[in-house]
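Both backbone and side-chain heavy atoms feed into the values below; hydrogens, waters and symmetry mates do not. In this text the structure is predicted, and so the values were computed from the model without any measurement. Within every chain, numbering begins at 1; the chains are lettered A, B, ... in the order of the sequence lines, protein sequences first and strands thereafter.
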4 protein chains.
Amino acid sequence: MTQPTDKRSAILQATLELISENGFHGTPTSMIAERAGVGVGTIYRYFKDKEELIHALYEEMEGKQKIYVLEGYSEEMPFRERFVHLCRNVYRYLMANRLEFCFLEQYFDSPYGVTKMKQKLESASEPFHSLVESGKKQQVIKDIPLILLYSLIFGPIINSIKDHNSGLLELNETLIEQVIGAMWDAIKR
Amino acid sequence: MTQPTDKRSAILQATLELISENGFHGTPTSMIAERAGVGVGTIYRYFKDKEELIHALYEEMEGKQKIYVLEGYSEEMPFRERFVHLCRNVYRYLMANRLEFCFLEQYFDSPYGVTKMKQKLESASEPFHSLVESGKKQQVIKDIPLILLYSLIFGPIINSIKDHNSGLLELNETLIEQVIGAMWDAIKR
Amino acid sequence: MTQPTDKRSAILQATLELISENGFHGTPTSMIAERAGVGVGTIYRYFKDKEELIHALYEEMEGKQKIYVLEGYSEEMPFRERFVHLCRNVYRYLMANRLEFCFLEQYFDSPYGVTKMKQKLESASEPFHSLVESGKKQQVIKDIPLILLYSLIFGPIINSIKDHNSGLLELNETLIEQVIGAMWDAIKR
Amino acid sequence: MTQPTDKRSAILQATLELISENGFHGTPTSMIAERAGVGVGTIYRYFKDKEELIHALYEEMEGKQKIYVLEGYSEEMPFRERFVHLCRNVYRYLMANRLEFCFLEQYFDSPYGVTKMKQKLESASEPFHSLVESGKKQQVIKDIPLILLYSLIFGPIINSIKDHNSGLLELNETLIEQVIGAMWDAIKR
DNA sequence: AATGAATGAGCTTTCATTCAT
DNA sequence: CATGAATGAAAGCTCATTCAT
């Protein structure tokens, strides 16, 4: 008993896989259709455009993330612990969902890609937002513009995962803890 | 009396400009030829491929950098000052050469792009290499794998410049000093 | 209690409307189905083809016309009056049924369209046929082949209505009388 | 020694032939390229669009016509003779250039086609314009709006040629003279 | 009988690459 | 050496038609 969503999600999944493998411009709609096991025309029943398909794929990810990032998180914990907890979850999420990570890198040709990725993480991370802002007020965290603090956090995270994915480095729990510790040193007063 | 190199570098310059404006896939060879003031066919006298042209452009950039990054640098200075000095130079270089920065972002659709960009900076930065390694030995810098330290340094630098270029942020000397200070806190013991 | 014919005529009506608005090639079957309030598949229950649908629509129109054209007409009237009466009715009919007129213009991209339109009017107009033939016999009407006389009559009528529909001209009773008068001068001895 | 215009005119000629055979929508660019003996891409070197190609073809015709229509014409001749002369030339032109006639019928899906065709004839026929206007002033021609007079003239001409082309009628000099005579009767006082 | 999701052939258009001049 | 007209493979997208429900 196939559900109505079947084809739609097959298309989204195929797109995710292929774009993370070959990039946006290396992924023709015909290839997506083939991988998804549907006809080309079918793509256009569910998405107006190739572009809309990409956006839809992106939106699809938003939800999953917050859940992941917030898992086990509580605003009651001390600052450092809150920070470490959120960062760990971000690492867990991005490493467990390698395809999504690669896709996000490609999202929109890349110039926007990484910027959007950060926005995404930010938006997914109101927890980060409130953590950092209240940390600044309580003089636990440096008085640096929010967006720069994000660069200090997500820059290293994303870069290290890229290195991990490209095999230059094998991230394990110890190393992740070290990076997170260093990032805390970077932002704390 | 135009030299044969003239055309070659005109092509490279045109490519740099156009790719940083429109991205790799938004830049047809015909457009490059036009901007460079040469015939389309001429591109293929100097480069086998569009791909090879891109690679050549990339290679072309190495070298210029080291000079920039090392300007006014001396191994005699204290650790922190050496670090700050190198970082300042990197910022200066990347912000003064916006086209090159944009190009590197696009370099091969990005999955490799940013990683390569980091490699590039690393290779341009044996100074960083020796600084960090000797800093580790003298227990001034945290005992973290080199590549992760690079993520802690170049991740934030690249990210903040992206934000700057995209208008999300206006980097000035004060802000740059703040970021560099934070990065030092991240890597120092 | 909807009858089976309901759907068939809903489809025909939708087709008439849409083709006169957007032309044959601007009217996908899906659009017809939507306007008709039926499923796309349903169209193919009643018509083998899109083409057959068009033809059927065309055929459907025959018949309605004769009634219109013959209204108030009598063979007892004098020649000129009979001619004027028929022409007036043709004008009335074509102007009152703008959709049908537009459809006929489009009917098969036009090369056949207008010719068929004339045939249609002719066939609908045995009254014209007998009027003209007996007029020729009685030397009231010029001795010109029937088909050319039709060109002299329907050519101006169709053209002037096109101009009217496209807004180049606003036909009113006076103008119509003038045209009919001129056409009578053209064909009378 | 092939001239630079070669391919351009081959494409225009192929387009003329194919559209008059199959209509605008029945003529894919690939078919045009094949008939013209060029690659598909070549079409787009000379014309931005399929649409622009059509327009270019249309423009191409303008010039030829005036020459044809005005041949042997002089404003010194008496009214009736001037009218007959122009009409004869129009017939000659449209019958000698059957492809162009068919093309014009199709020009833009047809609803505009015939209207544009008339505009074209009108514009090509400032001679008609001045003939008719001065005829009206001198009370030789009926006081009917210009556009209606055009319908009385071009309506029958176009219709009769269509019948001729479709084989319903064989136009010869005698018949043409009869039609022209009748049209004169229609418009003269 | 009625449906509409699924299909894929076919359309227009772009662009990296070649090659005769 | 340099050129740019010519090319055609390949892209994104549409839509008449089918068929399982």
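Taking atom CD1 of residue A/Ile11 and atom P of nucleotide E/dA5, one finds them 13 Å apart after rounding to whole Å. If you take CD of B/Glu34 and P of F/dT3, they are 13 Å apart, rounded to a whole angstrom. One interatomic measurement links the two molecules: CD1 of A/Ile19 to C1' of F/dG12, which rounds to 14 Å at whole-angstrom precision. Between the CG atom of C/Leu18 and the P atom of F/dA16 there is a distance of 12 Å, rounded to whole Å. Atom CZ in B/Phe47 sits roughly 15 Å away from atom C1' in F/dA2 (whole-Å rounding).
Looking at every heavy atom in both residues, C/Phe103 comes nearest to C/Met61 through CD2-CE, 3.2 Å.
For the side-chain contact (heavy atoms from CB on, under 4.5 Å) test, residues two or more places apart in sequence or in another chain that qualify with D/Ser9 are D/Thr5. Taking A/Glu60 as the reference, A/Arg8 meet the salt bridge (charged side-chain N to carboxylate O under 4.0 Å, His left out) condition, with sequence neighbours excluded. Scored by the side-chain contact (heavy atoms from CB on, under 4.5 Å) test, C/Glu52 finds C/Lys48, C/Asp49 as partners (sequence neighbours excluded). By the side-chain contact (heavy atoms from CB on, under 4.5 Å) test, D/Ala10 is found to be paired with D/Ala36, residues two or more places apart in sequence or in another chain being considered. Scored by the side-chain contact (heavy atoms from CB on, under 4.5 Å) test, D/Arg98 finds D/Cys102, D/Asn165 as partners (sequence neighbours excluded).
Counting heavy atoms from C-beta on, the side chains of B/Val38 and B/Ile32 never come closer than 4.5 Å.
Between A/Tyr46 and E/dA5, a side-chain N or O to OP1/OP2 separation shorter than 4.0 Å is absent.
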Could you pull out every donor-acceptor pair under 3.5 Å between side chains of residues 11-18 of chain B and any protein atom, sequence neighbours left out?
{"unit_1": "B/Gln13", "atom_1": "NE2", "unit_2": "B/Glu17", "atom_2": "OE2", "d": "3.0"}
{"unit_1": "B/Thr15", "atom_1": "OG1", "unit_2": "B/Ile11", "atom_2": "O", "d": "2.7"}
{"unit_1": "B/Glu17", "atom_1": "OE1", "unit_2": "B/Arg35", "atom_2": "NH1", "d": "2.4"}

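Taking a pair as Watson-Crick or G-U with both hydrogen-bonding distances under 3.5 Å, the stems of three or more pairs touching DNA chain E are E:2-21 with F:2-21.
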| query | What does nucleotides 11-21 of chain E look like as a protein-contact string, B for base, S for sugar-phosphate only, - for none, at under 4.0 angstrom between heavy atoms? | reply | SBBB-BBB---
